[in-house]
Amino acid sequence: MHQQHLPSPTPPVQHLHLSARLEDRIRAAAVRFLRSRGWTPRIEPYVGYGTEGSVRVLARVLLSRPHRRADLVWNRRGWRNYLTVSAPGEVVRASVTRTGAAGLDERLVVDLPADRDGYVDGTLDVALEPGWHDVQLATASGAVATSRVFVVGPGRRLGVISDIDDTVMVTMVPSLLRAVWNTFGLHASERRPVPGMADLYHGIASVHPEAPFVYLSNGAWNTAGNLERFLDRNGFPPGTLLLTDWGPTATGWFRSGQEHKGNAIDRLVRELPDVGWLLLGDDGQHDPEIYAAAARRHPEHVAAIGIRQLSPTQRLLAHEPPAPSGRNGAASRGGTGTPGSRRTRRPAHGVPTAGGPDGAALARALGRALR
């Protein structure tokens with residue numbers, strides 16, 4: 001058994017922004033109060049990914065009340081997902097078993113400390129076969145969980161990076177009041193998929209069964225469990241969720257959603273260099289600009305860009321002008337094709353880009369773009 005201890009990634013307290021220091025004080029008071037009431041750490045595992053040489057393990061440590069009923073949590077209203085208190089600094093022991101060269105099972109054990117927000121994001125240097133594997137997680141207090149990781153095999157292959165809000169799930173982000181209600185007011189089981197997108201993703205997974213799927217969003221990690229169940233219930237391929245934390249950062253009051261997505265794409269390109277990524281998003285926020293910038297930085301690692309286009313009504317709700325019309329009434333934005341358009345464009349970054357109002361139209365446009 002090999003054991004490795006990693007240093008905590010948390011920066012010194014004196015280097016934290018004022019907002020982060022205030023948050024830490026409030027959290028520390030909440031942690032003391034809840035622990036005095038018998039609350040103990042629990043592990044919320046997330047799906048990780050990796051190569052045959054190392055895997056990225058993702059999880060979060062939260063405080064949980066005694067006798068918590070997990071079966072009553074999955075379908076609660078959205079706002080309840082945000083009523084959590086993290087357990088900062090808790091050490092999570094991650095272990096994974098592999099078959100060694102002599103045919104004997106070998107177990108790697110690594111201690112991964114949670115950061116100031118309770119998040120665990122660490123790397124295990126272990127040789128695993130391509131496909132799905134389980135990583136066992138445990139805390140000193142007795143909390144246990146199992147995190148799944150998808151190991152990408154060697155060789156050139158396709159992968160999918162997908163936005164979530166208004167790309168696979170109807171959120172109506174451009175309409176503030178509707179987005180707030182959909183996010184915080186609806187039960188998890190009431191969330192609706194964007195028409196045709198599950199079929200598109202399922203088709204990609206059928207043709208490319210070894211393709212990694214990554215769902216990249218500016219949504220909060222608090223919703224990860226419900227998002228995983230939504231994806232599974234509506235027929236989307238399983239994959240890694242890369243979300244964000246809505247609290248203050250170590251350097252400021254707010255975090256940049258565009259920076260979060262751009263950095264995540266850069267890291268995926270760096271850690272999975274053999275993958276050519278299909279970037280899928282919508283034009284309600286900044287996905288076209290973020291993906292175009294990623295294509296300029298990594299043209300050899302981006303296979304194509306697909307944009308789900310909002311309707312004129314949705315664009316008006318977003319306070320954006322209708323997409324400009326081209327020949328035969330075809331519109332374009334950021335180089336994408338348009339609903340019903342039979343052409344796709346190859347923008348200045350050289351990566352084929354396609355668009356459509358739903359999964360079926362987007363599938364046809366992508367099929368033409370990738371020929």
Is any side-chain heavy atom of Ser162 less than 4.5 Å from a side-chain heavy atom of Val168? yes

Within the distance-only criterion (no hydrogens, no angle test), does the side chain of Arg308 pair as donor or acceptor with the backbone N or O of Pro357 below 3.5 angstrom? yes

When the ring planes of Tyr215 and Phe236 are compared, do they come out parallel, tilted or perpendicular, using 30° and 60° as the limits? perpendicular

Does a side-chain heavy-atom distance below 4.5 Å link Val96 with Val55? no

Nearest 0.5 Å, please: how far is CD1 in Ile290 from CG in Asp163? 8.5 Å

Treating Thr97 as the side-chain partner and Ser95 as the backbone partner, does any N or O pair qualify as donor plus acceptor under 3.5 Å? no

Using the rule given for side chain to side chain contact (heavy atoms under 4.5 Å, CB included), can you reason through Tyr49 versus Leu268, listing the C-alpha separation, both sets of side-chain angles and the distance that settles it, and then say yes or no? CA-CA 10 Å; Tyr49 63 87; Leu268 287 165; 3.6 Å; yes

Evaluate Gln136 against Val144 for side chain to side chain contact (heavy atoms under 4.5 Å, CB included), listing each step before the verdict. CA-CA 7 Å; Gln136 305 303 321; Val144 295; over 6 Å; no

Could you state the interatomic distance from OG1 (Thr171) to CG (Asp282), rounded to the nearest 0.5 Å? 9.0 Å

Closest non-hydrogen atom pair between Pro212 and Leu158, with its separation: CD-O, 3.5 Å

Qualifying residue, where the test is side-chain hydrogen bond (donor to acceptor under 3.5 Å, both in side chains) with Arg98 and the options are Glu129, His133, Glu106: Glu106

Can you find a heavy atom in the side chain of Val57 that is under 4.5 Å from one in the side chain of Val110? no

Donor-acceptor pair, side chain of Ser217 and main chain of Leu243, under 3.5 angstrom: no

Under 4.5 Å between any side-chain heavy atoms of Asn234 and Met197, yes or no? no

Mind checking whether Glu90 and Ile43 have side chains closer than 4.5 Å, heavy atoms only? no

May I ask you to check whether Asn218 and Thr244 show a side-chain donor-acceptor distance below 3.5 Å? no

Quick one: which of Leu227, Leu231, Thr223, Val194 gives a side-chain contact (heavy atoms from CB on, under 4.5 Å) with Ile164? Leu227

Residues, nucleotides or ligands: over 12 heavy atoms within 6.0 Å of Arg37 CZ: no

Specify the closest pair of heavy atoms between Ile265 and Ala294, including all atoms of both residues, with the distance to one decimal. CG2-CB, 4.0 Å

Does the Ser86 side chain pair with the main chain of Pro88, one donor and one acceptor, at a distance under 3.5 Å? no

Salt bridge (charged side-chain N to carboxylate O under 4.0 Å, His left out) involving Arg267 - partner list, sequence neighbours excluded: Asp121, Glu271

Without swapping roles, check the side chain of Asp283 against the backbone of Leu310 for a donor-acceptor pair under 3.5 Å. yes

Please determine whether the number of non-hydrogen atoms from other residues, nucleotides or ligands lying under 6.0 Å from atom CD of Glu300 exceeds 12. yes

Sorted by chain and number, sequence neighbours left out, salt bridge (charged side-chain N to carboxylate O under 4.0 Å, His left out) with Asp266 holds for Arg297

Under the salt bridge (charged side-chain N to carboxylate O under 4.0 Å, His left out) test, residues paired with Asp199 that sit two or more places apart: none

Distance-only, no hydrogens or angles: does the Asp274 side chain make a donor-acceptor pair with backbone N or O of Gly155 under 3.5 Å? yes

Please report the interatomic distance CG(Leu362) to OH(Tyr201), rounded to the nearest 0.5 Å. 8.0 Å

Take the angle between the ring planes of Trp221 and Tyr119 and call it parallel below 30°, perpendicular above 60°, tilted in between. tilted

Common cluster, Val160/Trp132, ILVMFWY with side-chain heavy-atom separation under 4.5 Å: yes

Quick one: does any side-chain atom of Arg368 pair with a main-chain N or O of Ala354 as donor and acceptor, under 3.5 Å? no

For a side chain to side chain contact (heavy atoms under 4.5 Å, CB included) check, start with the C-alpha distance between Lys261 and Ile161, then their side-chain angles and the critical distance, and finish with the verdict. CA-CA 10 Å; Lys261 285 190 172 183; Ile161 297 176; over 6 Å; no

Is Asp117 salt-bridged to Arg60, going by a charged N under 4.0 Å from an acidic O? no

Derivation of the side chain to side chain contact (heavy atoms under 4.5 Å, CB included) call for Ile204 and Phe213: CA-CA 10 Å; Ile204 295 172; Phe213 278 76; 4.0 Å; yes

Do the non-hydrogen side-chain atoms of Leu216 and Leu279 ever get within less than 4.5 Å of each other? no

